[in-house]
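Here the structure is a predicted model, which is why all the values come from computation and not from measurement.
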Amino acid sequence: MNNWILATRPWSLPASFVPALIAFAYAFWSVKSGITYPGGMGWHEPLSSWSVPSWLLGIFAVCGAVIFQIAGNLISDYYDFNHGVDRAGTFGSSRMLVNGVFTPRQILNFGLTALAIGIFIGMLTFLFAGPHILWIGSLGVIGTYFYYILKYHALGDLCIFIIFGILVPLGVTYSMMSTLDWHIVAVTAPIGLLIVNILHANNTRDIRDDGKASITTQAMLLGLKCSKYKYVVYTILAYAGILACCILGILPWTCVAVVLTAPIAVRNTKCMFSAHSTDHPEAIKSLDSMTAQLVIAFGLIQILAIAASTITHTP
């Protein structure tokens, strides 16, 4: 059982549940502060006559997002192994296929099963929340299954940002508020950029090995020097994005507390700039997990800041 859990790459799951929980917290705050009114935008005609609490639909959506990521991890591992991207001597992946713990067919079946469970949860949410879940979920399914193709053609970063920075939070807030609240895109874009940096750190480390597998990532197109700058720019934009949302009133001012994570960001930036050659990527072999730590810390503070403002808010 432990190997089956490791195959899902549980250490990567903050990429889905952190933006989902930010959206969950934001839904309560935005309604209480008057930024968004339930049912005030979009088309909302649930097919079910049963009444389900908005917070429960939000939990459905959060769980669905995590399960979709698990499916994506497994399916990506299957195709990466089959295309020679994951092999002996490379970094990344769950290593379950590279080490022969499971067969490729077992991993693919596991991934397809998780995808089916995610679709089932999405359909339940659709019944109780409304039709916009269909296109949000459909784009999520397409991105989940075909992510490996996009990654091989330097579009993986964009795909990850769209899924985790836009679709996941948009689905959570719509499930809870019966409205397409586009403010959420600004609210979760900062964490989305940091999540993209997880992938970018991984791809920068793997420039040499990915080149041998005949695929093309954005890091390969940029080269090592520009990849370092991209990592820094995305990190700075994440903090600037939170400040902008606070100034515009889209987020409460308590969210500026994310600056407390700046030492982690500085540590990660120093690590990225310690890489001097794509032939010796060992210096940044753990930068993806270090960036994931920043995502957790940054996201947790943002969630707590929104929750604190919601509790103390007086209309």
Side-chain angles (χ1 to χ4, degrees), residues 16-68 118-143 161-192 195 241-242 244-255 299 302-303 305-315:
S16 55
F17 73 73
V18 169
L21 289 177
I22 290 173
F24 187 88
Y26 170 80
F28 287 105
W29 179 80
S30 64
V31 171
K32 190 168 183 179
S33 63
I35 290 180
T36 304
Y37 296 92
M41 298 168 58
W43 175 31
H44 175 59
E45 294 182 8
L47 299 184
S48 175
S49 60
W50 289 65
S51 177
V52 177
S54 61
W55 62 266
L56 184 56
L57 287 176
I59 291 175
F60 281 172
V62 171
C63 291
V66 174
I67 292 173
F68 270 120
I119 292 173
F120 176 73
I121 292 175
M123 292 307 297
L124 284 179
T125 307
F126 158 67
L127 289 175
F128 293 107
H132 284 296
I133 288 296
L134 284 182
W135 68 263
I136 295 171
S138 295
L139 289 176
V141 171
I142 293 170
F161 181 79
I162 291 174
I163 290 177
F164 297 119
I166 300 176
L167 293 179
V168 166
L170 196 61
V172 172
T173 52
Y174 176 72
S175 298
M176 298 176 68
M177 298 191 294
S178 310
T179 176
L180 288 175
D181 181 3
W182 294 100
H183 291 117
I184 193 62
V185 177
V187 169
T188 54
I191 201 71
I195 291 168
I242 293 294
C245 284
C246 293
I247 292 173
L248 294 172
I250 300 173
L251 281 174
W253 277 99
T254 51
C255 287
Q302 188 177 355
I303 292 165
I306 295 172
S309 183
T310 302
I311 293 171
T312 59
H313 179 77
T314 302

For this session: Take Ile67 and Ile121, measure what side-chain contact (heavy atoms from CB on, under 4.5 Å) needs, and give me the verdict at the end.
Result: CA-CA 9 Å; Ile67 292 173; Ile121 292 175; 3.4 Å; yes
For this session: Evaluate the side-chain contact (heavy atoms from CB on, under 4.5 Å) criterion for residues Phe161 and Ile195: first the C-alpha distance (whole Å), next the side-chain angles of each, then the deciding distance (0.1 Å), finally the verdict.
Result: CA-CA 7 Å; Phe161 181 79; Ile195 291 168; over 6 Å; no
For this session: Start with the C-alpha distance between Phe28 and Ile306, add both sets of side-chain angles, then the distance that settles side-chain contact (heavy atoms from CB on, under 4.5 Å), and finish with yes or no.
Result: CA-CA 9 Å; Phe28 287 105; Ile306 295 172; over 6 Å; no
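Ser175 contributes no side-chain N or O that, together with a main-chain N or O of Ala61, makes up a donor-acceptor pair within less than 3.5 Å. A donor-acceptor pair under 3.5 Å is absent between the side-chain atoms of Ser309 and the main chain of Ala305, judged by distance alone. Gln302 places no side-chain N or O within 3.5 Å of a backbone atom of Ile191 that could act as its donor or acceptor partner.
Looking only at side-chain heavy atoms (C-beta outward), Thr188 and Ile166 stay at 4.5 Å or farther from each other. A 4.5 Å side-chain heavy-atom check between Cys245 and His183 finds every atom pair outside the cut-off. Taking 4.5 Å as the limit, every side-chain heavy atom of Leu139 sits out of range of all side-chain heavy atoms of Ile162. Counting heavy atoms from C-beta outward, Leu170 and Trp182 have side chains that approach closer than 4.5 Å.
Atom CZ of Phe126 is separated from atom CG of Leu57 by 13.0 Å, given to the nearest 0.5 angstrom. The line from CZ of Phe164 to CZ of Phe68 is 11.0 Å long, rounded to the nearest 0.5 Å. Note that OH of Tyr26 is 11.0 Å distant from OG1 of Thr310, once rounded to the nearest 0.5 Å. Atoms CD1 and CD1, on Ile22 and Ile184 in that order, are 8.0 Å from each other to the nearest 0.5 Å. We find the SG-CG distance between Cys63 and Leu124 to be 11.5 Å, quoted to the nearest 0.5 Å.
Taking both residues in full, the closest heavy atoms of Cys246 and Pro252 are given as SG-O, 3.3 Å, listed atom of the first, atom of the second, then distance. In terms of heavy-atom proximity, Cys255 sits nearest to Ile242 at O-CG2, 3.5 Å. Looking at every heavy atom in both residues, Met176 comes nearest to Phe24 through SD-CD1, 3.5 Å. Closest heavy-atom contact between Asp181 and Ser30: OD2-OG, 4.2 Å. What you find for Pro169 and Ile163 is that their closest heavy atoms are CD-O, 4.4 Å. The nearest pair of heavy atoms linking Ile133 to Gly171 is CD1-O, 3.9 Å.
In this structure, His132 and Trp135 have perpendicular ring planes: the angle between them is above 60°, well past the 30° mark.
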